[in-house]
S.K.: 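Input: one structure, supplied below.
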Amino acid sequence: MQISSAVALVTGANRGIGRSLVDRLLAGGVARIYAGARTRAGADSLNLLDPRVTGLVLDVTKDEQVRQAAAEATDVTLLINNAGVLDPGNFLDAERGQMERAFATNFYGSLAMSTAFARVIASNGGGTIVNLLTITALATMPSRSAYNASKAAAWSMTQSLRATLAGERIRVIGVFPGPVDTEMLAGVPIPKAPPADVAAAIVAGIATDAEDVYPDPAALGAYEQWKQDHKSIERQFASL
Ligand SMILES: NC(=O)c1ccc[n+]([C@@H]2O[C@H](COP(=O)([O-])OP(=O)(O)OC[C@H]3O[C@@H](n4cnc5c(N)ncnc54)[C@H](OP(=O)(O)O)[C@@H]3O)[C@@H](O)[C@H]2O)c1
């Protein structure tokens, strides 16, 4: 899709990869961006970035706010489901509430946004939906059991929507990052990709109509190894 004619909506746009996506889309000449934040203050500060940015108060777990966003942002052609939460923990130690939080945002939130905006994008002649997944959707790390399960479910959802929405001229892209240097992994001492580089790779994937995007070297390396021998990646990630 051509970025300069796109009208984008990015969820979780106030920090991390979401904020870098807003910057990258603006630099790429995007026509307009609706930028979601959970608080009024967050949405107001996004409003100040550029005249093309409209800050939206949007918690993707709140059906009324999702409905309101779809009623307001009727010109959207590019939806980026970026909002996500990670509570570390193994399934054996996790409380049910932790799993429900992961699925509420990472799976049901992205699904609610996709459902609401598929109609909007179709009515604008087609476009693109992007789902931020993770490389650990391919093979899990048990230390983040609920998060990875919710992202694996979101990967399956991505494939279903891709097939279902193709007839509406809506492309559905899955993004599988490795570790990225944001608050989500603050304090985790491993090499991490800069969010600006990850955002650049995602926007390049949108512009070239990719189906799956591995936006950093660690993700690409793990994907190549997974293609050769998926059991070796399962064992490697299980030990981390
Ligand atoms: N960082 C990584 O290593 C990494 C790797 C693979 C995939 N990802 C994925 O990339 C996406 C962005 O991650 P990040 O690293 O930028 O995380 P981050 O720095 O923790 O930012 C998360 C963003 O999502 C928002 N958010 C959380 N729950 C929300 C909800 N219910 N409704 C709307 N917004 C919500 C947060 O808003 P508040 O400020 O209000 O909390 C924040 O803006 C996520 O889907 C994540 O799973 C990240």
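For the single chain, residues carry numbers from 1 onward in sequence order. Note that ligands are numbered from 1 as they come in the structure, with each ligand's atoms numbered from 1 the same way.
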S.K.: Could you tell me whether a side-chain N or O of S145 sits under 3.5 Å from a main-chain N or O of P142, the two making a donor and an acceptor?
M.R.: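 Answer holds: yes.
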S.K.: So, are K231 and D229 salt-bridged, with charged N and O less than 4.0 Å apart?
M.R.: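 A salt bridge is absent here (no side-chain N lies under 4.0 Å from a carboxylate O).
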S.K.: Below 4.0 angstrom, N of the basic side chain to O of the carboxylate: do D197 and K192 qualify?
M.R.: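 No, no charged N to carboxylate O under 4.0 Å.
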S.K.: Sequence neighbours left out, what pairs pass ring-ring contact (aromatic ring centres under 6.0 Å, His included) with at least one residue falling in residues 131-183?
M.R.: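 Matches after skipping sequence neighbours: W155-F176, F176-Y214.
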S.K.: Mind jotting down which protein residues get a heavy-atom contact under 4.0 Å with ligand 1? Chain and number order, please.
M.R.: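 Under the 4.0 Å cut-off, ligand 1 touches G12, N14, R15, G16, I17, R38, L58, D59, V60, T61, N82, A83, G84, V85, T105, L132, L133, T134, Y147, K151, P177, G178, P179, V180, T182, E183, M184, L185.
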S.K.: Is D63 salt-bridged to R67, going by a charged N under 4.0 Å from an acidic O?
M.R.: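 So D63 does not pair with R67 through a salt bridge.
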S.K.: Spell out, as yes or no, whether a donor-acceptor pair under 3.5 Å connects the side chain of N82 to the backbone of T11.
M.R.: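 Yes, the answer is positive, given that a donor and an acceptor are paired below the 3.5 Å cut-off.
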